[in-house]
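Counting starts at 1 for both ligands and their atoms, in listed order.
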Amino acid sequence: MEKNQQILLAARPQAQVELSHFKWVEKDIEPPGESEFLVRAHYLSLDPYMRGRIDEAKSYAAKVELGAVMVGTVVGEVIVSHHEKFPVGSFVETHTGWQLYGKSNGAGVRLLPPKPVPLSAYLGAVGMPGVTAWIGLNEHGRAEPGQTVVISAASGAVGSVAGQLAKLKGCRVVGIAGGQAKCDYVVNELGFDACIDYKKNEALTLSERLAVACPKGVDVYFDNVGGPILNAVLEVMNPFSRIALCGLIAGYEDPQRLAVTNFRSFLVNRIQLRGFICSDHRPLWKPALEALAQGVASGAIRYRETVAQGLQAAPGAFIGMLRGENFGKQLVKLI
Ligand SMILES: NC(=O)c1ccc[n+]([C@@H]2O[C@H](COP(=O)([O-])OP(=O)(O)OC[C@H]3O[C@@H](n4cnc5c(N)ncnc54)[C@H](OP(=O)(O)O)[C@@H]3O)[C@@H](O)[C@H]2O)c1
């Protein structure tokens with residue numbers, strides 16, 4: 001009989017995450033109890049928030065205990081069920097973590113329609129990252145047609161959707177991404193107006209290059225990274241502009257990198273900065289997911305995935321994502 005495979009947190013990183021912080025184990029599959037069901041995972045989502053969950057530092061969510069299965073969301077098929085709402089053969093999005101099989105009582109589980117999008121998209125553009133983009137742009141950025149929106153980590157799961165939503169609203173959209181290939185994709189395939197490769201050595205500084213790409217200044221900055229890129233964008237923000245602070249990936253392994261050197265810009269430009277966490281906005285998920293599913297099904301919202309093969313590849317793919325090696329949504333295929 002097939003066994004379950006799991007990835008456990010073996011040690012807490014002091015700075016950079018390494019493979020030795022994780023442990024792969026095999027064990028018996030736990031049968032579901034009364035009012036529970038068993039899911040065979042097809043795809044595991046790897047997300048930057050997981051870096052915060054393996055640290056000692058206090059955050060907005062509980063940390064993963066040493067020896068516990070790594071936290072994570074999967075999409076998969078119900079293969080045994082004692083729960084009438086989740087029959088055998090149905091597909092779900094659930095939070096069973098880095099393992100092949102997991103049981104659930106249905107709390108927080110999303111039943112997935114077979115159409116209109118591929119299963120893996122429910123972890124990306126039509127899942128948490130897409131909803132995050134929708135909330136950040138519409139609720140916090142409040143981008144208006146004709147305004148200029150800048151988006152960092154622009155080719156990634158959240159940034160790519162945020163930029164396309166801003167384009168659909170009629171904004172000028174400028175991405176920031178690491179490398180020419182990512183920038184070409186952001187402009188040529190996602191339809192952003194411009195994209196700046198922040199890793200490229202140029203005579204102009206990043207803020208000077210932003211000023212060229214944003215001749216009318218920046219009205220909304222959708223910030224996925226913080227750190228030096230935030231400091232550069234602060235140079236070109238308009239009076240009464242907004243920053244939707246979504247993530248700080250530049251500092252997840254070294255918070256020192258998040259120092260704000262351009263604090264004066266907040267006062268001079270009366271900038272409104274709002275940090276947000278997608279799970280605080282549950283009532284918005286339904287309309288957001290409906291709009292995103294429609295956008296993906298119609299081709300108005302496009303996405304790209306980097307897919308690692310097999311559970312044992314998850315730690316390496318996670319480390320790679322923190323270093324920018326992913327191109328689009330980072331997934332692990334488990335079947
Ligand atoms: N607030 C919320 O509720 C919420 C929800 C989901 C995600 N987030 C945050 O949103 C951000 C993006 O998440 P995602 O899932 O879409 O990941 P992602 O963009 O698909 O992948 C992470 C990307 O971050 C970029 N990056 C890594 N280190 C960087 C650095 N030092 N400076 C600049 N960019 C760096 C890399 O792209 P480049 O190659 O372009 O550098 C990398 O590919 C993360 O900060 C995440 O924590 C927040």
(request) Answer with yes or no after comparing the ring centroid distance for H42 and F91 against a 6.0 Å cut-off, counting only values under it. (result)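 Yes.
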Please tabulate, line by line, the atom pairs linking an N/O of ligand 1 to a protein N/O at a distance below 3.5 Å, with the distance in Å to 0.1, or answer 'none'.
from, atom 1, to, atom 2, distance (Å)
ligand 1, 1 (N), C246, O, 2.9
ligand 1, 1 (N), F276, O, 2.8
ligand 1, 3 (O), C278, N, 2.7
ligand 1, 10 (O), N224, OD1, 3.3
ligand 1, 16 (O), A157, N, 3.2
ligand 1, 16 (O), V158, N, 2.8
ligand 1, 20 (O), A157, N, 3.0
ligand 1, 20 (O), N326, ND2, 3.1
ligand 1, 21 (O), N326, ND2, 3.1
ligand 1, 34 (N), Y198, OH, 3.3
ligand 1, 39 (O), K182, NZ, 2.6
ligand 1, 40 (O), G178, N, 2.8
ligand 1, 41 (O), Y198, OH, 2.5
ligand 1, 43 (O), K182, NZ, 3.4
ligand 1, 43 (O), N326, OD1, 2.6
ligand 1, 45 (O), N224, O, 2.8
ligand 1, 45 (O), Y252, OH, 3.2
ligand 1, 47 (O), Y252, OH, 2.7

(message) Taking salt bridge (charged side-chain N to carboxylate O under 4.0 Å, His left out) as the definition, give me every residue that meets it alongside D197, ordered by chain and number, with sequence neighbours left out.
(response)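 Counting only residues at least two positions away or on another chain, D197 forms no salt bridge (charged side-chain N to carboxylate O under 4.0 Å, His left out).
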(request) Go through the structure and list residues passing side chain to side chain donor-acceptor pair (under 3.5 Å) with E36, not counting sequence neighbours. (result)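 E36 satisfies side chain to side chain donor-acceptor pair (under 3.5 Å) with no other residue.
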(message) Treating E235 as the side-chain partner and A232 as the backbone partner, does any N or O pair qualify as donor plus acceptor under 3.5 Å?
(response)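 Not a single qualifying donor-acceptor pair exists.
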(request) Mind telling me whether F86 and H83 have parallel, tilted or perpendicular rings, with 30° and 60° as the class edges? (result)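 Judged by the thresholds at 30° and 60°, the geometry between H83 and F86 is perpendicular.
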(request) If a pair satisfies salt bridge (charged side-chain N to carboxylate O under 4.0 Å, His left out) and one of its residues is in residues 301-313, list it, with sequence neighbours excluded. (result)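 Qualifying pairs, neighbours excluded: none.
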